[in-house]
Novice: 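Take this structure, written in structure tokens, and hold onto it; I'll ask about it next.
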Amino acid sequence: MADPVPLPRPGAGPITSQFNRRAPDYLAGLNPEQREAVETTEGPLLVLAGAGTGKTRVLTTRIAHILSQRLAWGSQILAVTFTNKAANEMKKRIHELVPSLDGLPWMGTFHSISARILRHHAELVDLKPSFTILDTDDQIRLIKQLLEADNIDEKRWPARQFAGILDAWKNRGWLPKDVPSSESAYFANGRGGKLYADYQARLKALNAADFGDLLLECIRLFRENPEVLAEYHRKFKYMLVDEYQDSNTAQYLWLRLLAQGKPAPEANICVVGDDDQSIYGWRGAEVDNILRFETDFPGARVIKLERNYRSTANILKAASTLIAFNEGRLGKTLHTDTAEGGEMVTVTSVWDSEEEARHVGEEIEQYQRAGESLNSMAILVRASFQMREFEERFITLGLNYRVIGGPRFYERREIRDALAYLRLVAQPADDLAFERIVNVPKRGIGDSTVKVLLETARHQNVPLLAATRMLVETEELKPKQRTTLRELVMQFDAWAARLEAVPHYEVAEQILDESGYTGMWQADKAPDSPGRLENLKELVRSMEEFETLGGFLEHISLVMDRDSGEAEDAVSIMTLHSAKGLEFDTVFLPGWEEGLFPHQRSLDESGRAGLEEERRLAYVGITRGRRRVRLSMAQNRRIHGLWQSAIPSRFLDELPPDVVEVSDTGSSYGGYGYGGGATSRFNKADPFESVYETPGWQRARANQASRRGGGPLTIEGELVARSVDLGGQSSHFALGERVFHLKFGYGEVIQIEGNKLTIDFEKAGTKKVLESFIRKG
DNA sequence: TTGTGTACAACGTAG
DNA sequence: TTGTACACAA
């Protein structure tokens, strides 16, 4: 244990110098439980920490403590999180606490740390250190190719579905050989297992790994190479895991392997978690992992943090009352010392999502005028499609905003194209990248030419770029294509060579210019092409922050934030999932409607468990707010271009009335607002009965009805329309009839298709709407 | 080989 | 409403 110890440099900063005092100041602000969690450095430790109880603070202070007590170098500490957001937050806070670090702790997501480990030992898992990390998009394209090769009908067995199955298998830590035949039977009549094996073989050939592989291959590496594992056992003296309740089986195995350096009762592993914030069941998280911790590590200390320092009493009460509706909790109660309740939690009923965005925008401006910073406000949505409305509104208002997660920068077409060029230069075996760009910009290389390339590649067992190199020396291609491809290959050689001498970001710019890619967008007269060019510039600019092209590519595939202008004052827009671990003075939670939140698919797929997970998500959302929580629900929402009337979320009814203030924006019509019913404050319908109006139930009813031979249907939903489309004969309305619609007003029926009516509205113009929204005029 | 028109599914969440 | 896959014409 007599390791060399980082000595603080004299005068390196106020905090560092405090390390030398007997009762270090960094412990001063902690309550007894927090302090215990920080100071219990030896042996396994489980910290059950409710929302806002200073969990991140404990973790970061603990790291500072380990350093100041000279128990380890920075680089001997491993700190794992689940999201990039959380990892960044932790890095930032460590940096504030310990400005001068000797050796950075290994801080990051499971995936980024795994990637780092794998690059060191790539050969041992049949990869080269330059391997590409495939994202979901690449993954699906690869699966499509495999399905085609196996003559599996993609209509019947969608690639997307198999990607999901693969993911689930990998989350459970299964290699192809581990997949039981009962599971394999799930896809393509039992060919799932074989597909998995083929898929993995393709990945190796491409020198690529998908997200799941990062963990799985790491586990395989450790298992098959005890000496490598031992190396990491020696290296990592202290391990810390954030949000442990979100770990899935693969991550659990990964951690356990790394913790095996010492007998379990002595392992210096500290996990922090909160069963009430477990929101990743859908990607295989096992809450059991946290419950099992004391069994896995006998003699583990357990510390509960229950004192909340974040939110007002009212917010806390709203959150606690809501989460109490869940069964199967470990049971924690949050306390606050604040006597004052603070502002009420508000629920606003609005007409539709557009008005919702307008309303939120107005409030934000109002707070801004009162001197509050935009950085202190956030909009947390259930699903990323909700973001667009807010973005559009904020653009017209000129309100600064930043989107975290959601449709990501790197998912844009121009970025993916540019990255494909860069990937291919860095990694010539990247066939997916090759296929993406051979004909972008248009070079006259169509499907038939690509087919020849693919066949050659397969026969010669070489990557596409290499196959092309061979083919251009033969007569097999038409002269025109041959010349084009020869030039392209030469260009790639030149770029790769240039990388040795010229900084990579300069080469990148040259690649985009010389390939004609930039020119393609300059010539494009579409209104969004200037924006695309701007994005490309941004991409090249961001490369400057990295040492090498490889480093940049890894960052882009793992860390998907567009972290532009962190310093600027801006409202954050993000999903509830990515908001976990963050906090804001003011939090807006839009879209509290049945079907959206709780999300219908969650209920359909996982029933009660799904509902409880949604409720935990609601709990996470509310507890993000320090001073103000503003909920809203839209009475109408457009789904797939059709208007659907919405029912208030049952979660609204589960909030304690005494801390909640209800209002609307005055644009509702009678009968559709809140407050009209016996069982609900928000809707005339019983919240539990309301599930019978959800799409899933409608589908079930429609199927029943169509089996019985149809009949007049009055229920709404487009799926109903599809299954009982009687060619327009079943409508209750006639062409030319005068009708009324709640949103659009009066109009005349000009076309009937099943239960969809096209109506020429007097005020709103021509719209296609569902019959069920129409009254006789 | 490229461009256009039609049909049809998709809007669930992380890395 | 938007994006994508496929069929067919130029």
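The chains referred to below are lettered A, B, ... by the order of the sequence lines, with proteins before strands, and numbering in each begins at 1.
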Novice: May I have the distance from A:Glu154 (atom CD) to C:dC6 (atom C1'), rounded to whole angstrom?
Specialist: 12 Å
Novice: Considering every strand and a 4.0 Å limit on heavy-atom distances, what is the contact class for A:Gln251: base, sugar-phosphate, or nothing?
Specialist: nothing
Novice: Of the nucleotides B:dA10, B:dG15, B:dT13, which one has an atom closest to the side chain of A:His640?
Specialist: B:dA10
Novice: Which residue lies toward the 5' end of DNA chain B, A:Phe110 or A:Thr449, if each is placed at its nearest nucleotide?
Specialist: A:Thr449
Novice: Does A:His577 reach a base, just sugar-phosphate, or nothing at all? Heavy atoms under 4.0 Å.
Specialist: base
Novice: Are a donor atom and an acceptor atom from the side chains of A:Tyr619 and A:Asn326 found within less than 3.5 Å of each other?
Specialist: no
Novice: Do any side-chain nitrogens or oxygens of A:Asn84 fall under 4.0 Å of OP1 or OP2 in B:dG15?
Specialist: yes
Novice: Got a donor-acceptor pair under 3.5 Å from the side chain of A:Arg382 to the base of B:dT13?
Specialist: yes
Novice: Can you tell me how far the CH2 atom of A:Trp592 sits from the CZ atom of A:Arg382, to the nearest 0.5 Å?
Specialist: 11.5 Å
Novice: Could you give the NZ-to-C1' distance, from A:Lys155 to C:dT4, as a whole number of Å?
Specialist: 10 Å
Novice: Provide, to the nearest angstrom, the distance between the CD1 atom belonging to A:Ile404 and the P atom belonging to B:dT13.
Specialist: 15 Å
Novice: Rounded to the nearest Å, what distance is computed from the OH atom of residue A:Tyr619 to the P atom of nucleotide B:dT13?
Specialist: 23 Å
Novice: Check the phosphate of B:dT13 against A:Lys580, side-chain N and O only, distance under 4.0 Å to OP1 or OP2. Yes or no?
Specialist: no
Novice: Between A:Phe385 and A:Ser448, name the one whose nearest nucleotide on DNA chain B is closer to the 5' end.
Specialist: A:Ser448
Novice: Would you mind classifying the nucleic acid contact of A:Asp246 as base, sugar-phosphate or nothing, using non-hydrogen atoms under 4.0 angstrom?
Specialist: nothing
Novice: Does a side-chain N or O of A:Thr575 approach OP1 or OP2 of B:dA14 to a distance below 4.0 Å, or not?
Specialist: yes
Novice: Evaluate whether the aromatic ring of A:Trp282 and the six-membered ring of the B:dT13 base sit under 5.5 Å apart, centre to centre, with an inclination under 30°.
Specialist: yes
Novice: Roughly, in whole Å, what's the span from CD1 in A:Ile639 to P in B:dG12?
Specialist: 9 Å
Novice: Mind checking A:Lys480 for me? I need base, sugar-phosphate or nothing, with any heavy atom below 4.0 Å counting as a touch.
Specialist: nothing
Novice: For the side chain of A:Ser578, starting at C-beta, report the closest nucleotide among B:dA14, B:dT13, B:dT1.
Specialist: B:dA14
Novice: Quick one: is B:dG12 close enough that its OP1 or OP2 comes under 4.0 Å of any side-chain N or O from A:Arg601?
Specialist: yes
Novice: Taking the six-membered ring for Trp, is the centroid-to-centroid distance between A:Trp282 and A:Tyr280 below 6.0 Å?
Specialist: yes
Novice: Salt bridge between A:Asp417 and A:Arg532, side-chain N to carboxylate O under 4.0 Å?
Specialist: no
Novice: Regarding A:Phe82, tell me which of base, sugar-phosphate or nothing describes its non-hydrogen contacts under 4.0 Å with the strands shown.
Specialist: sugar-phosphate
Novice: Determine: side-chain N/O of A:Ser384 to OP1/OP2 of B:dT13, distance under 4.0 Å, yes or no.
Specialist: yes
Novice: Can you check the A:Glu613 CD to B:dG12 C1' distance for me, whole Å?
Specialist: 11 Å
Novice: Measuring from A:Ser130:OG to A:Leu553:CG, what's the distance to the nearest 0.5 Å?
Specialist: 10.0 Å
Novice: Between B:dG12, B:dT1, B:dA14, spot the one nearest the side chain of A:Ala383, thanks.
Specialist: B:dG12
Novice: Does a side-chain N-to-carboxylate-O contact under 4.0 Å join A:Glu435 and A:Arg141?
Specialist: no
Novice: Heavy atoms only, 4.0 Å cut-off, all strands: where does A:Asn248 land among base, sugar-phosphate and nothing?
Specialist: nothing
Novice: Please report whether the ring centroid of A:Phe187 lies less than 6.0 Å from that of A:Trp157.
Specialist: yes
Novice: Scan A:Glu243 against the nucleic acid and name what it touches under 4.0 Å (heavy atoms): base, sugar-phosphate only, or nothing.
Specialist: nothing
Novice: Return the value, rounded to whole Å, for the distance between atom CZ of A:Phe597 and atom C1' of B:dC11.
Specialist: 16 Å
Novice: Whole angstrom is fine here: how far is it from CG in A:Asp137 over to P in C:dT4?
Specialist: 9 Å
